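Let me begin by presenting the structure, written as structure tokens, before commenting on it.
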Amino acid sequence: MDFHKTLLNWYLLNSRSLPWRETSNPYNIWLSEIMLQQTRIAQGLPYYEKFIAHFPTVFDLANAKEEHVLKLWQGLGYYSRARNLHFTAKYVAEELNGIFPDNYKDLKKLKGVGDYTAAAIASICYDEPVAVVDGNVYRVLARYFGVETPINSTEGVKQFKALAQEMLYKKDPKHYNQALMEFGALHCKPKNPLCESCPFQKNCVAFQQGKTASLPVKLKKTKVTTRHFNYLVFKKNDETLLQKRTGKGIWKNLYEFPLLETSEEIQKEAFTNHPEVEKLVGKNFKNIRLYNNKPIKHVLSHQKLFAKFWIISVEDFPVAFEKPIIATQFSTIETFAVPVLLEKFIEAFHFSK
DNA sequence: AATCCGGGGTG
DNA sequence: CACCCAGGATT
């Protein structure tokens, strides 16, 4: 049996019911594809529902404030996706009359839309015969054909892209593409794939040669740096201070308490004597208490963060900040987009005490 | 070509 | 703990 026939038959019996499968509206498909980049469906699904409810059309998204978009994106990670999403929504609404490009080549010009996403939208919305190559596709093809080229090498990317395009069932790219990804996600899983019930068993090189567990091949892992964050949680009656993260680096355009980063974990005496702290609050160390004696560990893809939250009670807020600062009632913090690390602190910390 | 960018699930 | 997820942008 042909590969595509077996695949599409499997898909017919095993596909999940998902909201973006009920439509061919490029706005919905685009939104879902951006959200699902490096993100599991279970994690992205509630965000998709939330965005569609708040922004039914690309015009609604274009007219929103970036702050609102980031707030709704909060917790999903890779926040450049949200910023690019908003940028592209404005572009499509204002420059393209709200009409998305209808082909792979032009879709790829949109900010935040790369090879994968352009192929997904083009095939799903417009039946263009372009193969998607995501993590699932790499895995299924590497195993089925026994390809040992590292999937994240330049050579591997080229090879798998060509292979995927060659295998593509051009008469129905929309369902073939989704079927291949769905098969990788549900059946040909990274760990414990369901080989015993696999319809490709007979022709799968990895299964025949017992290589399933070692495919696909991937080059090294990224090295993780460690950082130490000290958050200054000012407390003036029911108000506190927030700053917006700008420039490069993590959490761009999200909010946080004023931050003092140190090269090592810092204890109370060193903290109160730190020049930056003295500059802000003087030597009034009696008003400073440490919320968590043990640093809170927060892991990102390239960084391991250790955070201490210092509660600083004041009668007047300092004015010596270098970056713009916002005074807000603690109960109003929830309107700001903050990293999950801070969201957890805010939830646990009872500001009135 | 390498590195950066989140957060959560899985084994 | 290591690995992965419906990747893309930047350097």
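Each chain gets a letter, A, B and so on, in the order the sequences are listed, and its residues count up from 1. Worth saying up front: this structure is predicted, and the values here are computed from it rather than measured.
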Determine the Euclidean distance between corresponding C1' atoms of dC5(B) and dC5(C); express it in Å to zero decimal places.
14 Å
Qualifying residues under ring pair (Phe, Tyr, Trp, His ring centres under 6.0 Å), relative to His298(A), sequence neighbours excluded:
none
Compute both the distance and the angle, then confirm whether Lys171(A) meets the cation-pi test with Tyr169(A): under 6.0 Å from the six-membered ring centre, within 45 degrees of the axis.
no
What is the nucleic acid contact for Ser153(A), judged by heavy atoms within less than 4.0 Å: base, sugar-phosphate only, or nothing?
nothing
For Asn192(A), report the nucleic acid contact type (base, sugar-phosphate, nothing); a contact means any heavy atom under 4.0 Å.
sugar-phosphate
Answer with base, sugar-phosphate or nothing: what part of the nucleic acid does Thr39(A) contact at a heavy-atom distance below 4.0 Å?
base
Taking only heavy atoms on the protein side, list every residue of residues 133-140 of chain A lying under 4.0 Å from any atom of DNA chain C, sorted numerically.
Asp134(A), Gly135(A), Asn136(A), Arg139(A)
Is it the case that dG6(B) (base atoms only) and Tyr78(A) (side chain only) share a donor and an acceptor within less than 3.5 Å, ignoring hydrogens and angles?
yes
Lys189(A) side chain N/O closer than 4.0 Å to the phosphate oxygens (OP1, OP2) of dC5(C)?
no
Side-chain N or O of Gln303(A) less than 4.0 angstrom from OP1 or OP2 on dC5(B)?
yes
Supply the members, apart from Leu260(A), of the Ile/Leu/Val/Met/Phe/Trp/Tyr cluster built from side-chain contacts under 4.5 Å; use none for a lone residue.
Leu232(A), Phe234(A), Leu241(A), Ile266(A), Phe271(A), Val277(A), Leu280(A), Val281(A), Ile288(A), Leu290(A), Trp310(A), Ile312(A), Val314(A), Phe317(A), Phe321(A), Ile325(A)
What is the nucleic acid contact for Trp73(A), judged by heavy atoms within less than 4.0 Å: base, sugar-phosphate only, or nothing?
nothing
Take atom NZ of Lys248(A) and atom P of dA9(C), then tell me their distance rounded to the nearest Å.
15 Å
Check this for me, if you would: do Lys90(A) and Glu66(A) make a salt bridge, where the nitrogen-to-carboxylate-oxygen distance has to be below 4.0 angstrom?
no
